[in-house]
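Take a look at the structure below.
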Amino acid sequence: MSKAIRQAAGCSVAQADAAVEAVLATIVEGVKTEGRFSLIGFGSFSKSERPARQGRNPKTGEAIDIAASTSIKFSTSAALKKSL
């Protein structure tokens with residue numbers, strides 16, 4: 001990805017890598033602190049909480065406990081969907 005950014009922006013490899021890292025870190029920090037991060041015209045990242053639940057081992061059929069977890073969900077914007 002940084003190669004495409006480097007070519008589009010006409011910058012060095014180090015600058016492109018730094019730009020990608022900065023964008024990703026900003027998204028992660030926004031989701032951590034606000035629970036949501038939006039890029040206008042692209043989409044939104046949001047925190048998704050999954051409660052603890054009971055599951056089954058597919059090999060043995062034995063019941064197992066699945067712990068609660070937090071994940072990130074991405075929803076595309078209408079403009080991005082339309083462009084595809």
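Note that the coordinates shown come from a computational prediction; the quantities given were computed from them, not determined experimentally.
Remark: F42 CZ to S75 OG distance equals 11.5 Å, nearest 0.5 Å. For the atom pair OG1 of T76 and CG of L84, the computed distance is 7.5 Å after rounding to the nearest 0.5 Å. Of the inter-residue distances, the one linking S44 atom OG with K73 atom NZ reads 10.0 Å to the nearest 0.5 angstrom. The distance from atom CD1 of I72 to atom NZ of K32, rounded to the nearest 0.5 Å, is 9.0 Å.
In this structure, the ring of F74 has its center no less than 6.0 angstrom from the ring center of F37.
Grouping the Ile, Leu, Val, Met, Phe, Trp and Tyr side chains by contacts below 4.5 angstrom, directly or via other members, places L80 with I27.
Q15 places a side-chain N or O within donor-acceptor distance of the main-chain N or O of S12, the cut-off being under 3.5 Å. A donor-acceptor pair under 3.5 Å is absent between the side-chain atoms of S38 and the main chain of I40, judged by distance alone. Here the side chain of R36 pairs no donor or acceptor atom with the backbone of S46 at under 3.5 angstrom.
Of all non-hydrogen atoms in C11 and R6, the two that sit nearest each other are O-CG, 2.6 Å. Heavy atoms only, all atoms of each residue included: V31 and K47 are closest at O-CE, 3.5 Å. Among all heavy-atom pairs drawn from Q54 and A63, the shortest one is NE2-CB, 3.5 Å.
Side-chain contact check for F45 versus L39: some heavy-atom pair is nearer than 4.5 Å.
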_Between L24 and V28, is the side chain to side chain contact (heavy atoms under 4.5 Å, CB included) condition met? List the steps._
CA-CA 6 Å; L24 295 177; V28 170; 5.5 Å; no
